[in-house]
Q: 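Just passing along the structure, written as structure tokens.
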Amino acid sequence: MRLDKLLANMGYGSRKEVKQLLKKGAVRVNGETVKDPACKVEPTADEVTILGERVVYREFIYLMMNKPQGVISATEDLRDRTVIDLLDAEYKHFQPFPVGRLDKDTEGFLLLTNDGKLAHELLSPKKEVPKMYYAHIEGKVGEEDIRKFAEGVTLDDGYFTKPGELKVLKSEELRSEIELTITEGKFHQVKRMFEAVGKRVIYLKRMSMGPLILDDQLKLGSYRELTEEEIALLQK
């Protein structure tokens, strides 16, 4: 990889700014000062330093975010704030994107990465990656709803969903609390599944995706990098 590209990718400035650092003799490769921006380096083998600080090369990043309401799951938008807008500059330059989407008014677990292969695997319908949601439902949710969800329900556009595992945490006449695990990601799917049985979702939060559970230490709008163990779990 070209040295200037490596340094720009790692957040040390634009290509132009990196060239200025090189010109000043601030960059060393394997102990030797290098001023040529086109110098080829092996990112994982060569030791690159800037003013004595070692450059740690990373190709991919993996972030777990507790998405707040009012923010959209997109990389850019002309009207609304996006989940990318919540990230610090040190992560933005990796150009991560949300894996799947959460509705604007839905909170909870969102994975952001620049690993396109992993994202494709997680979103592939064939993989049937489970996603668990916690929700408040207007009205009383009961055994009949559990049975219908277990069989699959017909959405407003005629699509018949795969079975969903519905667990009732609290059931009252005016409001119920539930957990729902599904393996699909159709547009507004959880809301539309409840509409199919004559009920309305009034609060929705995604709690998990695949083997990963939302970190309860993450406040709304905050995020953290996945641990090596968590990344390994996803890759499996």
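Count residues from 1 along the sequence.
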Q: Could you tell me whether the side chain of Asp77 and the main chain of Asp80 form a donor-acceptor pair under 3.5 Å?
A: yes

Q: If you draw the axis of the six-membered ring of Tyr159, does the NZ or CZ of Lys186 fall within 45° of it and under 6.0 Å from the ring centre?
A: yes

Q: Are side-chain heavy atoms of Arg224 and Gln217 found at a separation under 4.5 Å?
A: no

Q: Given the rule in the side-chain hydrogen bond (donor to acceptor under 3.5 Å, both in side chains) test, do Thr44 and Glu42 qualify, once you have shown the distances and angles that lead to the verdict?
A: CA-CA 6 Å; Thr44 57; Glu42 175 54 54; 3.2 Å; yes

Q: For the pair Thr161 (side chain) and Val153 (backbone), establish whether a donor and an acceptor sit closer than 3.5 Å, ignoring hydrogens and angles.
A: yes

Q: Just so I know, are the side chains of Leu7 and Ile50 near enough to count as touching, which here means a heavy-atom distance under 4.5 Å?
A: yes

Q: Tell me, please, which residues at least two apart from Asp216 pass side-chain hydrogen bond (donor to acceptor under 3.5 Å, both in side chains).
A: none

Q: May I ask you to decide if Gln20's main-chain N or O and Lys16's side chain share a donor-acceptor pair within less than 3.5 Å?
A: no

Q: Backbone N or O of Phe187 within a donor-acceptor pair of the Arg192 side chain at under 3.5 Å?
A: yes

Q: Under 3.5 Å, is there a donor-acceptor pair between the side chain of Lys131 and the main chain of Val129?
A: yes

Q: Measure from the side-chain N and O atoms of Arg2 to the backbone N and O of Lys5, and report whether any donor-acceptor pair falls under 3.5 Å.
A: no

Q: Does Asn9 form a side-chain hydrogen bond (donor to acceptor under 3.5 Å, both in side chains) with His93? I'd like the steps, not just the answer.
A: CA-CA 7 Å; Asn9 285 356; His93 79 266; over 6 Å; no

Q: Taking the six-membered ring for Trp, are Tyr223 and Tyr91 closer than 6.0 Å centroid to centroid?
A: yes

Q: Is there side-chain contact between Asn114 and Gln95, with heavy atoms separated by less than 4.5 Å?
A: no

Q: Just by modelled atom types, is the Ala38 backbone N or O under 3.5 Å from a matching donor or acceptor in the Asp36 side chain?
A: yes

Q: Hey, does Leu63 have a side-chain heavy atom less than 4.5 Å from the side chain of Leu87?
A: yes

Q: Could you tell me if the side chain of Arg200 sits less than 4.5 Å from the side chain of Ile137, heavy atoms only?
A: no

Q: Between Asp115 and Phe60 (side chain of the first, backbone of the second, donor and acceptor by atom type, cut-off under 3.5 Å), is there such a pair?
A: no

Q: Leu214 vs Ser208, test: side-chain contact (heavy atoms from CB on, under 4.5 Å). Steps then yes/no.
A: CA-CA 6 Å; Leu214 180 65; Ser208 67; over 6 Å; no

Q: Hey, do the aromatic rings of Phe194 and Phe149 have their centres closer than 6.0 Å?
A: yes

Q: Could you tell me how the ring of Tyr134 sits relative to the ring of Tyr203: parallel (under 30°), tilted (30 to 60°) or perpendicular (over 60°)?
A: perpendicular

